[in-house]
Amino acid sequence: MDSLWDNIEKLSAVCRAAGAHLPDEELKALQVGKVVEEAGEAMHALHGLKGLTTCGDDHTWSEVQNDLVGSVIAALLAMHHIDPTGARATFEEILHRRTRRGREAAAAA
């Protein structure tokens, strides 16, 4: 089975091919924007789940999760677009730093 990052690399190649007519910096910016779009879809699904949309959309927690995963994929693709060779290491370093307090609290418990 392909790992998460193997899949991100494959998707990134497809996205880069589709955007080959665009300058690299524009492609990076558009991919970052895709993260926001996907997060907005998750928020829309949550509003629909709670009955807060004016268009009467009904949503489920499963749809919210689907859109959240879309946000994660878009974010990892954006990282890969920014630094194709270093995205994995950068992600691991940032994840380690940003989860330090949780690891420390778990160890103390």
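Computed from a predicted structure; not experimentally measured.
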Q: Any chain of hydrophobic side-chain contacts (each under 4.5 Å) joining Val14 to Leu22?
A: no

Q: Starting at CD1 of Ile73, measure out to CG of Leu68 and round the result to the nearest 0.5 Å.
A: 11.0 Å

Q: Step by step, work out the side chain to side chain contact (heavy atoms under 4.5 Å, CB included) result for His44 and Asp67.
A: CA-CA 9 Å; His44 176 79; Asp67 291 330; over 6 Å; no

Q: Gly19 and Leu27: which non-hydrogen atoms are nearest, and at how many Å?
A: CA-CD1, 4.0 Å

Q: Establish, yes or no, whether a centroid distance under 6.0 Å links the rings of His47 and His59.
A: no

Q: Using a strict threshold of under 4.0 Å (side-chain N to carboxylate O), is an ion pair present between Lys10 and Asp6?
A: no

Q: Is there a continuous path of hydrophobic side-chain contacts, each under 4.5 Å between heavy atoms, that joins Phe91 to Leu11?
A: yes

Q: Does CZ in Arg98 sit with more than 12 non-hydrogen atoms of other residues, nucleotides or ligands closer than 6.0 Å?
A: no

Q: Do the side chains of Leu30 and Val36 join up, straight or via other hydrophobic residues, at under 4.5 Å, putting them in one cluster?
A: no

Q: Grab the two heavy atoms, one from Pro84 and one from Arg16, that are nearest each other, plus how far apart they are.
A: CG-NH2, 3.7 Å

Q: Do Val69 and Trp5 land in one hydrophobic cluster if side-chain heavy atoms of ILVMFWY residues count as linked below 4.5 Å?
A: yes

Q: I'd like to know whether Arg101 forms a salt bridge (Lys or Arg N to Asp or Glu O under 4.0 Å) with Glu104, so could you lay out the CA-CA distance, the side-chain angles of the two residues, the decisive distance to 0.1 Å, and finally the verdict.
A: CA-CA 5 Å; Arg101 281 190 268 173; Glu104 290 171 354; over 6 Å; no

Q: For residues Glu41 and Ser71, determine if any side-chain heavy atom of one lies less than 4.5 Å from a side-chain heavy atom of the other.
A: no

Q: What about Trp61 and Leu52, same hydrophobic cluster or not, with Ile/Leu/Val/Met/Phe/Trp/Tyr joined at side-chain heavy-atom distances under 4.5 Å?
A: no

Q: Check the pair Arg103 / His96 against side chain to side chain contact (heavy atoms under 4.5 Å, CB included), numbers first and verdict last.
A: CA-CA 9 Å; Arg103 287 191 315 277; His96 184 77; 3.0 Å; yes

Q: Within the 3.5 Å criterion, strictly below it, is a donor on His80 or Arg88 matched to an acceptor on the partner's side chain?
A: no

Q: Tell me whether Asp83 contacts the main-chain N or O of Met79 through its side chain, where contact means a donor paired with an acceptor under 3.5 Å.
A: no

Q: In plain terms, say whether Lys28 and Glu25 are close enough for a salt bridge, that is, a side-chain N and a carboxylate O under 4.0 Å apart.
A: yes

Q: Report the distance from atom CD1 of Ile8 to atom CG of Leu76, rounding to the nearest 0.5 Å.
A: 4.5 Å

Q: Give a yes or no answer on whether the side chain of His81 reaches the backbone of Leu77 with a donor-acceptor pair at less than 3.5 Å.
A: yes

Q: Rounded to the nearest 0.5 Å, what separates atom CD1 in Ile82 from atom OG1 in Thr90?
A: 9.5 Å

Q: Would a distance-only check, ignoring hydrogens and angles, find a side-chain to backbone donor-acceptor pair under 3.5 Å from Thr60 to Glu63?
A: yes

